[in-house]
Amino acid sequence: MTTNREIHLASRPEGWPTEDTFRLVTTDVPTPGPGQLVVRNTYLSVDPYMRGRMNDVKSYVAPFALDAPLDGGAVGEVVASEADGFAPGDTVLHGLGWREYALLDAKAARKVDPDLAPVTAYLGVLGMTGLTAYAGLLDVAAMKPGETVFVSGAAGAVGSMVGQIAKLKGAARVVGSAGSPAKVDRLKALGFDAAFDYHDGPVREQLRAAAPDGIDVYFDNVGGEHLEAAIGAMRLHGRAAICGMIAQYNATEPPAAPRNLALLIGKRLTLRGFLVGDHGHLREQFVREVAGWLRDGKLAYDETVVDGIENAPAAFLGLLRGENLGKMLVRL
C-alpha cells in the first residue's frame with residue numbers, strides 16, 4: 001500500500017460533536033527515518049477523554065490540533081523499521097491511532113505478544129482501560145474487603161472492570177448503573193449484586209433501593225446526578241475515585257448537580273480525581289493479577305467493534321451516546 005487514510009479534526013465542537021467535526025484525509029504512507037517505525041494499525045481505541053481534547057483549553061493533556069490527525073491508543077504490525085529491537089511483523093502498542101499507518105519513534109512503541117492474549121486486550125482489559133479500573137478502585141479509593149461499591153457507567157470498558165475487580169477483592173456489595181435494560185442484565189451476569197437503568201427514575205432513589213445501607217466507595221465515570229446521589233448515599237469516611245464525567249462533556253451550561261457538597265464535611269468524605277498515568281508503578285502488579293484472573297475465567301470483558309477508519313467518528317459519537325458495551329474499538 002502507498003496511500004494512508006487519517007481522521008483529522010476539522011473544527012472544534014460547541015456542545016455535541018457531529019460527523020462534520022471530523023475529516024477523512026488521504027496521505028502517503030510514511031517512510032521511517034533512523035530510530036523510527038512504520039506501523040500498520042489493526043485496532044484503534046476510542047475513549048471518552050478524547051472529547052476534552054477537542055476543546056482548545058488548558059488541560060492535563062494538549063488539545064488536538066485542527067487539520068491534523070487525532071491520536072489515541074492503537075495496536076498494529078510493524079511494516080518497516082529503522083530501529084534496533086523492532087522488525088517487520090512485530091506487534092506493537094502505541095499512541096498514534098486514528099490513521100491506518102503510523103510513523104513513530106521506537107521509544108514510543110511497546111512490543112506485545114499476540115499469542116499471550118488477543119491484541120485488543122492490550123487496548124482494554126490489559127491496557128489503559130484495565131489499569132484505570134484497577135488503580136482507581138484499589139489505590140485511589142482504597143477499597144477494603146467488606147465494603148459496598150457503586151459504579152456509574154458500569155457497562156463501559158472501565159466500569160465493568162471496576163465492578164468485577166471489587167467482587168474479586170472482597171467487596172460485600174457492588175452496585176452499577178447503566179443506560180439500558182440489556183446493559184443492566186449484562187452487569188448482573190458479570191457478578192454485580194444489583195444494577196439499575198438510570199433512565200428508570202431518579203438515580204438517588206434507585207441507588208437507595210439497591211444499597212439501602214449506603215455505600216463506602218463510589219467510582220465515578222458520569223458525574224452530575226450520579227455524583228450527587230453517591231454523595232448522599234455515602235457512609236462516614238466514604239471515598240470517591242473521580243475517573244470521568246461524561247454527562248457533562250458536551251454540556252454548554254454549568255451542571256446543576258451536585259448540590260449537596262456540604263455533606264462532605266459532616267461525613268468526612270474524600271473525592272479524588274485521578275489520571276491513570278500517575279499509577280504506572282502498579283502496571284506489573286496489575287498485569288500479573290488481571291492476567292491470572294483472565295486465565296482462570298474469573299474476569300470477563302466486552303468489546304464493541306466498528307469496522308473501517310472512515311467509521312471512527314461514528315464510533316466515537318456512539319461512545320458518547322452510550323451505544324457501546326465494554327470497550328469501543330475500530331478495526332482497520
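Heavy-atom basis, side chains included; hydrogens, waters and symmetry copies ignored.
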Identify the heavy atoms of Ile7 and Ile309 that sit nearest to each other, and give their distance.
CD1-O, 3.5 Å

Does the side-chain contact (heavy atoms from CB on, under 4.5 Å) test come out yes or no for Asp197 and Lys183, once each step is laid out?
CA-CA 8 Å; Asp197 182 344; Lys183 289 183 177 181; over 6 Å; no

Within the supplied structure, the quantity of interest is the number of heavy atoms (other residues, nucleotides, ligands) at a distance under 6.0 Å from Asp84 CG; does it exceed 12?
no

Closest non-hydrogen atoms of Val39 and Leu104, given as atom of the first, atom of the second and distance, are CG2-CD2, 3.7 Å

Any Arg239 side-chain heavy atom under 4.5 Å of Arg272 side chain:
no

Of the non-hydrogen atoms in Ala133 and Ile165, which two are nearest, and what is the gap between them?
CB-CD1, 4.4 Å

Are side-chain heavy atoms of Met234 and Leu264 found at a separation under 4.5 Å?
no

State, to 0.1 Å, how close Pro13 and Met54 come at their nearest heavy-atom pair, and which atoms those are.
CD-CB, 3.9 Å

I would like to know whether Tyr49 and Met128 meet side-chain contact (heavy atoms from CB on, under 4.5 Å); could you show each step before the answer?
CA-CA 12 Å; Tyr49 80 89; Met128 181 182 72; 4.1 Å; yes

From the options Arg283, Gln285, Lys169, His279, select the one residue that forms a side chain to side chain donor-acceptor pair (under 3.5 Å) with Tyr134.
Gln285

Output the distance between atom CG (Leu320) and atom CE (Met328), rounded to the nearest 0.5 Å.
9.0 Å

Mind checking whether His226 and Phe150 have parallel, tilted or perpendicular rings, split at 30° and 60°?
parallel

Which heavy-atom pair separates Gly159 from Phe192 by the least distance, and what is that distance?
O-CZ, 3.9 Å

Please test Trp16 against Arg321 for side-chain contact (heavy atoms from CB on, under 4.5 Å), starting from the C-alpha separation and ending with a verdict.
CA-CA 10 Å; Trp16 281 84; Arg321 291 191 294 263; 4.0 Å; yes

Answer yes or no: is there an ion pair linking Arg53 with Asp71, defined by an N-O contact shorter than 4.0 Å?
yes

Heavy-atom pair of closest approach, residues Asn4 and Arg99
OD1-C, 4.3 Å

Classify the angle between the aromatic ring planes of Phe219 and Phe274 as parallel (below 30°), tilted (30 to 60°) or perpendicular (above 60°).
perpendicular

